[in-house]
Every structure is written in structure tokens, then in C-alpha cells.
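Report on the structure given below.
Since we're looking at a predicted model, the values are computed, not measured. Order of listing sets the numbers, starting from 1, for every ligand and every atom in it.
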Amino acid sequence: MKALVWHGKEDIRCDTVSDPQIEDPRDAIVKVTSCAICGSDLHLFHNFIPAMLPGDIMGHEMMGEVVEVGSGVDGKLKKGDRIVVPFTIICGECDQCKRGNFSVCERSNRRKNLADKVFGHTTAGLFGYTHLTGGYPGGQAEYVRVPFADATHIKVPDGLSDEQVLFLGDIFPTGWQAAVQCDIEPTDTVAIWGCGPVGQMTIRSAVLLGAKQVVAIDRLPERLGMAEAGGAITINFDEESVVERLNELTGGKGPDKCIDCIGLESHVTASKPDTVYDRMKQMMMLESDRPHVLREMIYVCRPAGVISIPGVYGGLVDKIPWGQAMNKGLTFRMGQTHVNRWTDDLLRRIEQGQIDPSFVITHTARLEDGPEMYKVFRDKQDGCVKVVLKP
Ligand SMILES: NC(=O)c1ccc[n+]([C@@H]2O[C@H](COP(=O)([O-])OP(=O)(O)OC[C@H]3O[C@@H](n4cnc5c(N)ncnc54)[C@H](O)[C@@H]3O)[C@@H](O)[C@H]2O)c1
Ligand SMILES: [Zn+2]
Ligand SMILES: [Zn+2]
């Protein structure tokens, strides 16, 4: 089959590889009909997250048709079912899965010993996302093997297009969780840094959850335009001071809730010297991530506010003003998304027409064009916000 394969930094190719096989009774094989490129894939593209190996198949946002099921799938899935595959592989049975903490499933990471050493305790297996999270082949491919398939799926009802439901596997529940974990109240100003695909879903979620005011921050006009269309007031950080404008919009009090939809690759610019400092330390391998936005959020957040972090961090961050955070009494919430915790509710909202996540798609291409589309997405060429690939 064809698949997008990681060969090294900024080197992803569309290769011919072996078709996946059932390896365990709880597996299913899915013929992928649509898959997407995620901001998290860019961190792998840039080799900022450790433990990718040449030959690894990329992709963790995919859906398709079940073409084969193992004997242990137990009637929960059958050939011909149309499913979205959540990026978090879940056993459905461990203590964490029972609590709905799916992204820290205790059993789905087949490199558990490595993760135990690095993180202190294992987290869930993830598709197409490094050997720290199981080294599972991803879904930017014609076929994908879904481990624990009886639990790791979202069934798609008839009548909904791939484009309407594909993002249930990642960015939609990610934006939703980012907003939900802020405990939004009707009096809240919610400030969202980053208007990429995750930021866009977070903006819509904060609006749906009833925030008084949603403010979105980025520098790319097309992404700011999309944010405005979703109901946000926008700040272009190239043109104005984020801190001053946020204080202005909140009568000097600061936003009640701050959400980081950027993660470890914050934009580097001479006008923000700490970003240059982070970049240099990153190049000298003295720091793995660029946490400019964390510093900005801690500084501007209203005391007793919440900082929510869906943006991915890979390792060590430097110069976090913990004294400000502690004295202001801030609450931090973060994590990889517990996808299946939210998807019944979100699927219902799509069916009811409360939201159609396909608004974010700007580019649709063939799987073979994937390597080029990674660059288009990374460089935001041609107004690119979200790429969907059709194997
Ligand atoms: N927690 C999860 O489960 C989960 C799931 C999906 C994605 N993610 C993470 O979410 C993050 C965003 O993903 P995406 O697909 O939207 O990526 P993206 O790269 O398309 O979007 C990032 C946006 O942030 C903007 N930006 C950069 N620096 C900024 C700054 N200082 N202030 C304001 N805006 C700034 C960029 O211009 C860009 O529009 C990534 O870190 C990704 O890994 C996490
Ligand atoms: Zn993702
Ligand atoms: Zn589990």
C-alpha cells in the first residue's frame, strides 16, 4: 500500500510499504477514506519530539471503512462499518479508561517500559506518533491497523460526510476539551492563542459553551478572519501588544481563561527577545520547547484564572515565571485529548447542526501529494489552514 513515511527531519515521502495485518484478536483493519495533517505532525516533521525512526508511518487523524476484524472484536465492529479512528488508542478496561482518562490508558502503549522511564508513568499508545507512545503505524496511508479496535473507534451514522466527522478523531475534541477544562462561565473572557485548526475548534467550543467574550490571537490574516467568522474578537500580535489589548478588552482585569493552542513551536521574532533566547537554547539542545505563550498567558491572566494547554510540549521549558503563577493563584489544565470522552456529545452536536467542523478545511489533495502538503501547511502557503488527504 501507499503511505506517508518519516525518513528524518523535514523528509516525509509517499512510499510503498507492506499492508497491515491483524496481529491481535482485538485488531481491525481500516481502509482509509480521509486523513488529515495535524499541527502535531509538524512537530514530528521538524524532529522536535524524540523517538521517531526512519520508516515510521505518519498520521493520527483518519477515518474509513472496516475491511477486516479480529476474532476478539466481539461484535462491536464488523466489516463494512464506517468509523473515525481516535488518535488515542484505548483498551477501554484499565483504571484510567474507566475514568475517561483515555489519553493516559495504562495498557495501549506497547513501549510502556520506555514511557515509564521517560514520563515516570506510561501514557496511551498513539497512532503515528513516536516510539515513546508505542510506535504504532499511522493513518496517512491506504490502510491502518487499529489495535483494541472494539474500544478504539467512533461509529459514523449514515448521512454525514467524511469532512463533517473526520475531526472527531482529534482537533474537534481537542478544542472542546481545551475549552471545557476552563470551566467557562457566562461572565468569562476567554483568550485563545493560535488560530490554527486547534485554535479554530477551541474558539467555536468556547462560543458554544457560552463565554461572554472570546478573543483570538495570531498573525495570519486568513486565520484571524476565520476566527472572526466564528465569533471571536481578534488580535494580530505582529501589529499590536497582546497584553495591552487583552487588558483593554477586560477593563484592566485580564482574561479569566487563557488557552495555548500553539505549543512548543511559538513564533520567533526579534520584537519578543525571549523567543530568540528560546530558539538559541533549542539549537544548542539546552531547551527542547519554545514556551513564549505560556509566559505571556501567566502574565496577562486574571488572578485566580485558568490556563488551559492543548498545545503540545515535548520536554523541558525554561524561564517559566512560576512566582507570578503561584501568587496569582492560577490553575493549570493540560494534556493530550481524552478523545472518546467527548465524541458522543460532539457527534450529536454535528448531527443537530450546532457546528460543522468542515469549515476549517482549505485544501484537499491526494495521499501522493502529502509530502508537498506538509510544506504548504507548515508555511501557511495559499491561505492553508487544514489539509485533508484522500488515499
Ligand atoms: N492536546 C492534544 O491532544 C492535541 C491535539 C491536536 C493538536 N495539538 C497541538 O495543538 C497545537 C496547534 O495545532 P494546530 O494544528 O492548530 O497547529 P498550527 O501550527 O497550524 O497552528 C499554530 C498557530 O499558532 C500561531 N502562533 C505561533 N506563535 C504564536 C504566538 N506567539 N501568538 C499567537 N499565535 C501564534 C501560528 O501562526 C499558527 O497559526 C500544536 O502544538 C499541536 O501539536 C494537541
Ligand atoms: Zn493531532
Ligand atoms: Zn485503558
Side-chain angles (χ1 to χ4, degrees), residues 36-46 48-49 59-62 86-109 122-129 138 148 151-152 167 169-175 177-178 181 191-202 216-224 226-227 234-238 242 259-269 271-272 274-275 289-297 308-314 334-340 360 377-380 384-387:
I37 306 178
C38 176
S40 300
D41 291 324
L42 292 182
H43 305 322
L44 306 178
F45 188 53
H46 294 141
F48 276 130
I49 310 270
H60 58 266
E61 204 168 20
M62 62 272 186
F87 79 93
T88 43
I89 302 170
I90 59 174
C91 79
E93 293 166 341
C94 70
D95 283 352
Q96 295 287 13
C97 280
K98 281 188 197 142
R99 295 187 170 113
N101 296 332
F102 295 117
S103 73
V104 289
C105 168
E106 293 169 330
R107 287 174 47 194
S108 61
N109 188 345
T122 190
T123 56
L126 306 178
F127 289 98
Y129 198 77
F148 299 102
T152 307
F167 305 133
D170 183 354
I171 57 169
F172 187 20
T174 293
Q177 176 173 305
Q181 66 189 7
I192 296 165
W193 277 253
C195 297
V198 169
Q200 299 295 340
M201 296 298 156
T202 308
I217 304 148
D218 206 301
R219 58 192 275 273
L220 302 162
E222 63 280 6
R223 293 183 177 211
L224 289 170
M226 200 180 254
T234 56
I235 301 179
N236 184 329
F237 72 82
D238 262 352
V242 173
I259 309 183
D260 171 357
C261 297
I262 298 162
L264 67 101
E265 294 193 70
S266 191
H267 184 65
V268 178
T269 160
S271 63
K272 292 179 171 142
D274 66 311
T275 64
D289 304 13
R290 303 199 294 265
H292 167 76
V293 169
L294 292 181
R295 297 184 192 115
E296 200 161 76
M297 292 197 306
S308 166
I309 311 170
V312 163
Y313 287 85
M334 63 191 87
Q336 299 282 3
T337 303
H338 305 304
V339 177
N340 287 71
V360 81
F377 176 50
R378 192 266 309 269
D379 300 332
K380 286 89 181 168
C384 183
V385 181
K386 186 76 176 176
V387 180

Run the side chain to side chain contact (heavy atoms under 4.5 Å, CB included) check on Ile49 and Val312 step by step: do they pass?
CA-CA 10 Å; Ile49 310 270; Val312 163; 3.9 Å; yes
Tell me which part of Cys261 gets within contact of ligand 1: side chain, backbone, both or neither, using heavy atoms under 4.0 Å.
backbone
Has Tyr313 got any heavy atom lying under 4.0 angstrom from an atom of ligand 1?
no
Given a cut-off of 2.8 Å, the protein N, O or S atoms lying below it from the Zn ion (ligand 2) are Cys38 SG, His60 NE2, Asp170 OD2
Does His267 reach the side chain of Phe237, with side-chain heavy atoms less than 4.5 Å apart?
yes
Of all the atoms in ligand 1, which lie at a distance below 4.0 Å from a heavy atom belonging to Leu220?
37 (O), 39 (O)
Between the side chain of Glu61 and the main-chain N/O of Ile171, is any donor-acceptor distance below 3.5 Å?
yes
I need the atoms of ligand 1 closer than 4.0 Å to a non-hydrogen atom of Ser266, numbered in the order shown.
28 (N), 31 (N)
Can you name the atoms of ligand 1, numbered from 1 with element, that are less than 4.0 Å from a heavy atom of Gly196?
16 (O), 20 (O), 21 (O), 23 (C), 39 (O)
Checking the N or O distance criterion of under 3.5 Å, is ligand 1 in contact with Pro197?
yes
Has the side chain of Thr269 got a donor or acceptor atom that lies under 3.5 Å from a matching backbone atom of Ser271?
yes
Are the side chain of Ser108 and the backbone of Ile89 linked by a donor-acceptor contact shorter than 3.5 Å?
yes
Using a 3.5 Å cut-off on N or O atoms only, is Phe377 in polar contact with ligand 1?
no
For Val293, is at least one N or O under 3.5 Å away from an N or O on ligand 1?
no
So the atoms of ligand 1 within less than 4.0 Å of a heavy atom of Ile217 turn out to be 33 (C), 34 (N)
Mark up the atoms of ligand 1 that fall under 4.0 Å of a heavy atom belonging to Phe87, in ascending order.
3 (O)
In short, Cys195 meets Asp218 closest at the heavy-atom pair N-OD2, 2.7 Å
Show, in sequence, the C-alpha distance, side-chain angles and deciding distance for Thr234 and Ile217, and conclude whether the side chain to side chain contact (heavy atoms under 4.5 Å, CB included) test is met.
CA-CA 6 Å; Thr234 56; Ile217 304 148; over 6 Å; no
Starting from atom 18 (P) of ligand 1, what is the nearest protein heavy atom, named by residue and atom, and what distance separates them?
Arg223 NH1, 3.8 Å
With a 3.5 Å distance limit and no angle check, can you tell me whether Asn101 reaches the backbone of Val104 through a side-chain donor-acceptor pair?
no
Let me see the working for Cys261 and Trp193 under side chain to side chain contact (heavy atoms under 4.5 Å, CB included), right down to the final yes or no.
CA-CA 6 Å; Cys261 297; Trp193 277 253; over 6 Å; no
Output yes when the distance from some N or O of ligand 1 to some N or O of Val312 is under 3.5 Å, and no in every other case.
yes
For atom 23 (C) of ligand 1, what's the nearest protein heavy atom and its distance?
Asp218 OD2, 3.7 Å
Give, for atom OG1 of Thr202 and atom CZ of Phe172, the distance between the pair rounded to the nearest 0.5 Å.
10.5 Å
Are any of the N or O atoms of Gly39 closer than 3.5 Å to those of ligand 1?
yes
If you measure only the distance, is there a donor-acceptor pair under 3.5 Å linking the side chains of Gln181 and Ser308?
yes
Among Pro173, Pro310, Cys38, which one puts a heavy atom closest to atom 1 (N) of ligand 1?
Pro310
How far is atom 13 (O) of ligand 1 from the closest protein heavy atom, and which atom is that?
Val198 CG2, 3.5 Å
Is the distance from the ring center of His60 to that of Phe127 below 6.0 Å?
no
Counting non-hydrogen protein atoms only, what is the nearest one to atom 34 (N) of ligand 1? Give residue, atom name and distance.
Ile262 CD1, 3.3 Å
Do any N/O atoms on Gly335 end up under 3.5 angstrom from N/O atoms on ligand 1?
yes
To which protein heavy atom is atom 4 (C) of ligand 1 closest, and what is the distance rounded to 0.1 Å?
Thr174 CG2, 3.5 Å
Please assess Glu265 against Arg378 for the test salt bridge (Lys or Arg N to Asp or Glu O under 4.0 Å), listing each intermediate value before the final yes or no.
CA-CA 11 Å; Glu265 294 193 70; Arg378 192 266 309 269; over 6 Å; no
Separation between CD1 of Ile262 and CG of Leu294, rounded to the nearest 0.5 Å
9.5 Å
For atom 5 (C) of ligand 1, what's the nearest protein heavy atom and its distance?
Asp170 OD1, 3.0 Å
Vertex the Zn ion (ligand 3), rays to SG in Cys94 and SG in Cys91 - rounded to 10°
110°
Is there a donor-acceptor contact under 3.5 Å linking the side chains of His338 and Ser103?
yes
Tell me, which protein residue and heavy-atom name are nearest atom 8 (N) of ligand 1, and how many Å apart are they?
Ser40 OG, 3.5 Å
Does Thr337, backbone or side chain, put an N or O under 3.5 Å from an N or O of ligand 1?
yes
Nearest heavy-atom contact between Val360 and Met201 is CG1-CE, 3.7 Å
Write out the residue and atom name of the closest protein heavy atom to atom 27 (C) of ligand 1, then the distance separating them to 0.1 Å.
His267 N, 3.6 Å
Could you please spell out the steps behind the salt bridge (Lys or Arg N to Asp or Glu O under 4.0 Å) verdict for Glu93 and Arg107?
CA-CA 9 Å; Glu93 293 166 341; Arg107 287 174 47 194; 2.9 Å; yes
Looking only at distance, does His43 have an N or O less than 3.5 Å from an N or O of ligand 1?
yes
Kindly determine whether Phe48 and Arg290 satisfy side chain to side chain contact (heavy atoms under 4.5 Å, CB included), including the steps that lead there.
CA-CA 11 Å; Phe48 276 130; Arg290 303 199 294 265; 4.0 Å; yes
